[in-house]
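A, B, ... follow the sequence lines: proteins, then strands. Residue 1 opens every chain.
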Protein chains: 2
Amino acid sequence: MTITSNQHQAGDLHFLKRLNRSAILEMVRRTPGMTRADIATRAQLTKATVGGGVQTLLKQGWLVEGELLKSSGGRPGRALHLNDHRHVLLGAEVSVHGLQVIACTLSGKTLHQRHIRMAPDAPDTTAEALAGLIREVIDHPELNERQLLGLGVALPGPIAPDRPLLHLAPNLGWRDVWFLDLLRAELPDLGGRWLLDNEAKAAAFGELYFRTDKTPESLLYVSASTGIGSGIVGGGHWPLVTRGTHGLAGEIGHTVLQPGGLYCHCGNRGCAETLVSGWALRAALGVGEEEDLVDTLLHRLQEPEVAMALKRAGEALGTLLLNLHHTLDPAEIVLGGSLTRLGTPLLTPALEYFTANQNRLLGTTQQRPLRIIDDSTFTAARGAAAEVLANTIHATA
Amino acid sequence: MTITSNQHQAGDLHFLKRLNRSAILEMVRRTPGMTRADIATRAQLTKATVGGGVQTLLKQGWLVEGELLKSSGGRPGRALHLNDHRHVLLGAEVSVHGLQVIACTLSGKTLHQRHIRMAPDAPDTTAEALAGLIREVIDHPELNERQLLGLGVALPGPIAPDRPLLHLAPNLGWRDVWFLDLLRAELPDLGGRWLLDNEAKAAAFGELYFRTDKTPESLLYVSASTGIGSGIVGGGHWPLVTRGTHGLAGEIGHTVLQPGGLYCHCGNRGCAETLVSGWALRAALGVGEEEDLVDTLLHRLQEPEVAMALKRAGEALGTLLLNLHHTLDPAEIVLGGSLTRLGTPLLTPALEYFTANQNRLLGTTQQRPLRIIDDSTFTAARGAAAEVLANTIHATA
DNA sequence: CAGGGTAAGTAAAAAGATTGAACATACCAC
DNA sequence: GTGGTATGTTCAATCTTTTTACTTACCCTG
């Protein structure tokens with residue numbers, strides 16, 4: 001994302017006009033079908049101002065007028081919608097399992113998506129392969145005539161908060177990679193904004209941003225895959241991802257759940273990843289790198305050793321969720337990553353522990369909304385695309 | 001705090017003017033001695049706009065002109081400073097050990113402070129006692145003629161994020177208390193803004209806000225006392241405290257550090273508080289409620305049992321710090337609370353574990369700034385006062 | 001089915017904020 | 001002392017929002 005707002009905000013009249021236009025656009029995006037009058041009420045602006053702003057946005061092709069709403073006593077309002085046919089967003093992800101590319105509209109509707117399985121490879125080779133996949137997606141007829149707003153790329157590791165640099169991706173074997181530069185060399189003519197983000201942070205952002213019903217005020221995404229990561233997004237006006245000073249926020253795989261426990265590849269002992277992660281399960285159950293971990297385990301569920309390992313991992317996952325819940329208190333939790341495909345053997349212990357303990361503090365009975373994404377293949381890529389849109393609206397509109 | 005920013009920001013010309021005035025005021029607050037020209041450059045406004053804004057702020061008594069700076073080739077600029085003599089901020093804290101009240105200037109300079117030791121009591125009785133203490137502080141000659149901007153109150157428990165309601169303070173035995181209402185009944189004529197916040201969140205805010213040298217972009221405050229709490233504050237423009245949907249963010253005392261460990265009073269097992277907290281140390285070492293825990297332990301340091309208990313607690317604290325570091329990646333960490341008075345027997349194991357493991361992920365050698373407050377008696381009260389100022393500037397200026 | 005009532009959206013004048021350009025001020029170096 | 005440079009102020013110009021009509025459009029009532 002990298003929305004620059006270090007300094008204290010001050011602005012001129014142009015800034016104000018942009019601000020108001022962004023507010024209008026964001027409102028219509030979040031609540032499709034709003035009328036000019038609705039917007040004026042909610043934004044505390046006059047009808048005239050909103051009318052003017054809407055006209056510009058219509059002319060620029062961001063909005064379209066929809067049906068006439070039924071009257072509430074007087075002249076009926078005209079519904080406003082995002083123009084979902086003019087633009088396209090691109091999102092991509094490099095994961096341990098392969099490459100994902102998605103093209104979607106402003107409202108997050110998928111136009112086309114591609115996914116290829118691929119073992120981790122060097123950054124430049126990967127960039128070349130990803131560029132090929134991106135080209136294939138762009139050439140799809142669904143994208144015809146649409147204007148590209150940009151490309152977001154998600155990677156499985158911490159990204160510098162102020163520049164598009166991947167610090168480290170242990171499961172890819174990458175370190176200090178300027179991945180967008182490599183990609184730019186392959187796709188010199190691809191326009192729009194480009195940005196790089198961590199996989200879980202992008203996913204978290206997308207899950208919150210592409211929501212038309214009640215948007216939660218904050219959302220935690222936990223990605224359980226080869227490694228464990230998370231992203232927290234929240235904060236009223238423009239959703240903002242917590243990144244931390246070095247982009248390490250959310251690297252929960254190395255929070256300690258078991259002091260003095262097993263050694264982790266990071267060198268410390270008892271990290272969450274030693275208890276619940278793809279690599280820990282492989283190590284514990286002897287699944288080789290050439291096999292698909294989830295498929296293999298799903299076929300070995302009746303082995304007591306496997307069942308027990310998944311149960312233990314599930315409990316650790318539940319503990320991890322509980323700790324995050326107490327540390328961040330998000331309005332909603334979404335659980336994704338390849339390990340969710342393991343289903344109840346892993347998830348039931350996790351959810352049981354979490355639901356049993358989440359309300360210890362206040363003694364309430366309200367359950368925290370927790371959603372599990374069964375197939376999160378394109379979640380991060382979609383989130384990266386969402387970030388492109390948010391950035392564009394913030395800067396342009 | 002409760003800065004209302006749920007809706008998408010939009011604004012009129014008044015809003016813009018206020019925004020720019022706030023920006024000017026905040027800049028001068030953070031960097032005393034700035035000239036109008038400096039501000040114009042940094043805020044990307046014209047000299048004329050800044051000049052106008054500064055004049056209003058001078059007339060309103062927020063700013064004062066200072067010395068003439070030395071010329072950099074042309075006419076020397078006039079230094080601007082916060083007017084530290086016109087206003088006063090009040091901060092108060094109800095802790096397990098007693099009551100604290102502080103009066104300070106806009107720059108955070110203490111004018112007067114009072115502290116009385118007191119065992120936990122019922123909310124209304126406590127409000128009465130606190131009101132008495134506040135009256136004493138107000139009557140102090142140092143506060144003569146100063147205009148009161150408001151009162152911030154810090155309590156040791158989660159506060160509702162949208163209204164001044166204390167949900168629960170286990171160590172005071174309070175639940176669902178509208179403490180400001182109780183206090184208002186005792187102090188009907190005390191003017192300005194009143195606000196309520198969690199003790200650790202207020203402390204975190206104050207530690208970041210009342211800083212004139214390089215302000216870190218985010219700060220984590222960990223409060224180790226009878227219970228364990230924390231507050232994280234960050235985010236460029238206006239520092240914002242992470243509160244969570246139910247105000248539970250930062251309630252790290254009940255993150256699980258030892259699955260299957262000791263039972264906690266919350267009902268769960270292995271919570272951080274069972275390993276490092278005032279009440280856990282009392283329970284483990286048989287220190288009665290009538291004794292001061294820290295004083296008692298400082299006299300019993302040579303007992304192997306005590307030394308070992310402090311070492312274990314310290315290691316748990318280190319683990320807690322490490323987990324927070326990996327979850328939130330704050331630019332700076334501040335450790336406070338009554339337990340810091342225990343000194344090296346507790347803190348050395350904590351710091352050793354933290355420094356040894358904080359850079360496992362990236363393999364860097366940079367140490368995260370970590371400051372320990374030896375005497376944090378007034379830290380939370382001061383922070384609550386800081387929140388009053390931030391709120392006032394945000395709304396008024 | 002005509003007419004009043006109500007609310008949505010638009011147009012033009014008025015109000016208000018920032019900018020731009022010119023000007024006054026103040027120090028320094030030669 | 002004079003020229004140079006940068007700070008800070010003044011005032012007309014510019015731009016954006018508001019204010020105040022006014023038009024449009026539907027519903028309900030008689």
Where do N or O atoms of nucleotides 20-25 of chain C meet protein N or O atoms at under 3.5 Å, pair by pair?
| residue | atom | partner | partner atom | Å |
| --- | --- | --- | --- | --- |
| C:dT25 | O2 | B:Arg75 | NH1 | 3.3 |

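- We find that CZ of B:Phe15 is positioned 16 Å from P of D:dT16, with the value rounded to whole Å.
- For the pair A:Leu58 CG and C:dT10 P, the interatomic distance rounds to 9 Å; values are reported in whole Å.
- Taking only side-chain nitrogens and oxygens, B:Asn20 comes nearer than 4.0 Å to OP1 or OP2 of C:dT18.
- With a 6.0 Å cutoff to the six-membered ring centre and a 45° limit on the axis angle, B:Arg29 counts as a cation-pi contact of B:Tyr209.
- Annotation: cation-pi geometry satisfied between A:Arg184 and A:Trp194 (NZ/CZ under 6.0 angstrom from ring centroid, within 45° of ring axis).
- Atom CG of A:Asp12 and atom C1' of D:dA13 are 15 Å apart (whole Å).
- For the pair B:Lys109 and B:Phe210, the minimum side-chain heavy-atom distance is 4.5 Å or more.
- Nearest-nucleotide positions on DNA chain C place A:Arg36 closer to the 5' end than the other of A:Arg36 and B:Leu68.
- Within the model, atoms CG of A:Leu90 and CG of A:Leu148 stand 5.0 Å from one another, a figure rounded to the nearest 0.5 Å.
- Every salt bridge (Lys or Arg N to Asp or Glu O under 4.0 Å) that B:Arg211 has, sequence neighbours left out, goes to B:Glu332.
- In this entry the distance linking CD1 of B:Ile39 with P of C:dT18 reads 14 Å, nearest Å.
- Defined by atom type and a distance below 3.5 Å, a donor-acceptor pair is present between the side-chain atoms of A:Asp38 and A:Thr35.
- The nearest whole Å value for the distance from the NZ atom in B:Lys17 to the C1' atom in C:dT18 is 10 Å.
- Between A:Leu13 atom CG and D:dT18 atom C1' the separation is 14 Å, expressed in whole Å.
- Place B:Asp38 and B:Gly11 on DNA chain D by their nearest nucleotides, and B:Asp38 ends up nearer the 5' end.
- Atom CD in A:Gln44 sits roughly 15 Å away from atom P in D:dT17 (whole-Å rounding).
- The interatomic distance linking B:Leu16 (CG) with D:dT17 (P) rounds to 10 Å, in whole Å.
- With hydrogens and angles disregarded, no donor-acceptor distance shorter than 3.5 Å links the side chain of A:Ser218 to the backbone of A:Gly234.
- Along DNA chain C, the nucleotide closest to A:Gly73 and the one closest to A:Pro76 are compared, and the more 5′ of them pairs with A:Gly73.
- Counting any heavy atom pair closer than 4.0 Å across all strands shown, A:Thr49 reaches a base atom.
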